[in-house]
Amino acid sequence: MARNTDSNTYTLLFAIGMVLVVGSLLAFTASYFNPTITLNKKLEKQQNILFAMGVSEGTLSGNEEDNTSFVSTDKVTAEFGKYITTQLVIEGDKASQDSLAYLIDIKKESDQVKADASYVRKLPLFIGEKDGEKFYIVPMRGVGLWDAIWGFVALEEDLETVKGAFFDHKGETPGLGANIKEPYFYQDFAGEKIYSGSQFKGIVVAKGNADPRNADKNDNEVDALAGATITGDGVTAMIKKDLAMYLPYFNTLK
Amino acid sequence: MAEVAEQEKVVKAPSEPLFSKKNRKLITDPLTDNNPITIQVLGICSALAITAELKASIVMTIAVVFVLGVGNVVISLMRNIIPSKIRIIVQLIVVASLVIIVDLVLKAFAYELSKTLSVFIGLIITNCIIMGRFEAFALANGPWKSFLDGIGNAAGYGLILIIVGFFRELLGSGTLLGFAVLGDPIDKTGLYALGYENNGFMLLSPMALIVVGLIIWVQRSRNPALIEQE
């Protein structure tokens, strides 16, 4: 080695230089792309909300093969305005309209409740209309095995029957827990009841419910994914906990 | 210098020099005789984690080929100015920032794809093959050789990943790339009509280890040069 790269001074200078170069490179890249990434996330939320209530690319094109793809990003804002008639923010026992309710960060809201128990959480609720039917779409967020999971559950006008659901995750195991975003998992939720009799049950992702076709829509259970017990339990807990927060408001509507 | 460092790395090298002048060998060797997973036993962790289905194996392979190819070149270009005391940290920084930049670009321009890949990002940074090749090869060789070495090792790693993913998805779920190739397990069509059942155990990580073990067994029994001498 021609240069003395072992001296302490060189090592220190190299480390400082490297940190400066890499740090500014990353900071520049992050802030340069930030607006595009924020927009992508916003559109994705609109896509998810529409998808949960059954508005997909297939609804627009009439092609059934597209029923499992989102409304494309260039059309989604217009379609969102068309199908989602009301966006509500529920705070305690009052509900107000807010056309930006879908941008409420549920994670921040739940963090704030944790930090300050007296904080009244803002709960976004979306009301959509499709073919003359009215749907209530509830956003939710929970924890899977490795990281956050979230989703949207659309309820029919009786506020008991699930119209559709969509789940997503940050870092569940590919091939196992990550399959909560596959159609064969979330499609099972359609038609399920969140009440058993008059008691609120949520929907349980159940192992061994001996109903792989999910023919029994009154058992409050859907078939679990093999090898993804913890993620499934996370979905169960998320649905139960987050839907429960909306029940007081739903009861005023009934 | 390079040859010496490399031979030490190899668990049991055949008597002839593993890395001859032919750069081609840099690519072909890691696919067989010097496979990162089955011979060097590197990158096992991600091989267990994500091979429950074939698609994930393929995606991970492409991601690692890219990161290791580019990363090896970057480290190789820097090899004469990196202080040896902090070289591991420097390598980590290079691979981490490379991966973060790729992730940001994907998030901005290919959002859907980035969501598929997001799980792998963390796994790539901690993949020991990446650090292993930086340390064993790129620090001592020129950019072109390092590039070939990176591509070769990533491909060798990916080959095993795809083989394991193939068997785990086929035997565990009865599908390949999501297509039901063995029939419908609920309707009992195809193979299931004969009483065949999916083996749910194949979906769990320990089975990946057993499949890798079987691959090593087959490979060693077919290649006498790999058999350890008493």
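A, B, ... follow the sequence lines: proteins, then strands. Residue 1 opens every chain.
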(request) Determine whether A/Met18 and B/Ile89 make a side-chain contact, defined as any pair of heavy atoms from C-beta on separated by less than 4.5 Å. (result) no

(message) Quick check on A/Lys130: does its NZ atom have over 12 non-hydrogen neighbours (other residues, nucleotides or ligands) under 6.0 Å away?
(response) yes

(request) Check each atom of B/Val90 against the heavy atoms of chain A and say whether the ones under 4.5 Å are side chain, backbone, both or neither. (result) both

(message) Is any side-chain heavy atom of A/Tyr10 closer than 4.5 Å to one of B/Ile81?
(response) yes

(request) For B/Ala108 and A/Asn40, work out which heavy atoms get closest and say how close. (result) O-ND2, 3.2 Å

(message) Does any backbone or side-chain atom of A/Lys41 lie under 4.5 Å from a heavy atom of chain B? Answer side chain, backbone, both or neither.
(response) both

(message) Quick check on A/Leu39 against chain B: is it the side chain, the backbone, both or neither that has a heavy atom closer than 4.5 Å?
(response) neither

(message) What part of B/Ile82 gets within 4.5 angstrom of chain A, counting heavy atoms only: side chain, backbone, both, or neither?
(response) both

(request) Select one option (side chain, backbone, both, neither) describing which atoms of B/Met78 are under 4.5 Å from chain A's heavy atoms. (result) side chain

(message) How about NZ on A/Lys170, more than 12 heavy atoms from neighbouring residues, nucleotides or ligands closer than 6.0 Å, or not?
(response) no

(message) Quick check on the interface: out of A/Leu176, A/Thr38, A/Asn179, A/Thr73, who has the most heavy-atom pairs with chain B under 4.5 Å?
(response) A/Leu176

(request) Below 4.5 Å from any heavy atom of chain B, which atoms of A/Asn34 appear? Answer side chain, backbone, both or neither. (result) neither

(request) Return yes when atom NZ of A/Lys45 has more than 12 non-hydrogen atoms of other residues, nucleotides or ligands closer than 6.0 Å, and no otherwise. (result) yes

(request) Would you mind reporting whether B/Tyr111 and A/Glu44 have side-chain heavy atoms less than 4.5 Å apart? (result) yes

(request) Please state whether the side chain, the backbone, both or neither of B/Leu204 comes within less than 4.5 Å of a heavy atom of chain A. (result) side chain

(message) I need the residue from A/Thr173, A/Asp147, A/Asp168 with the largest number of non-hydrogen atom pairs under 4.5 Å to chain B.
(response) A/Asp168

(message) Taking OH in A/Tyr32 as the centre, count heavy atoms belonging to other residues, nucleotides or ligands within less than 6.0 Å. Is the count above 12?
(response) no

(message) Could you walk me through whether A/Leu25 and B/Ile101 satisfy the side-chain contact (heavy atoms from CB on, under 4.5 Å) test, starting with their C-alpha distance in whole Å, then the side-chain angles of each, then the deciding distance to 0.1 Å, before giving a yes or no?
(response) CA-CA 9 Å; A/Leu25 185 71; B/Ile101 290 175; 3.7 Å; yes

(message) I'd like to know whether OH of B/Tyr192 has more than 12 heavy-atom contacts from other residues, nucleotides or ligands below 6.0 angstrom.
(response) yes

(request) Check A/Asp6 against B/Lys85 and note the closest heavy-atom contact, atom names and distance. (result) O-NZ, 2.9 Å

(request) To the nearest 0.5 angstrom, please state how far the CD1 atom of A/Ile37 sits from the CG atom of B/Leu104. (result) 5.0 Å

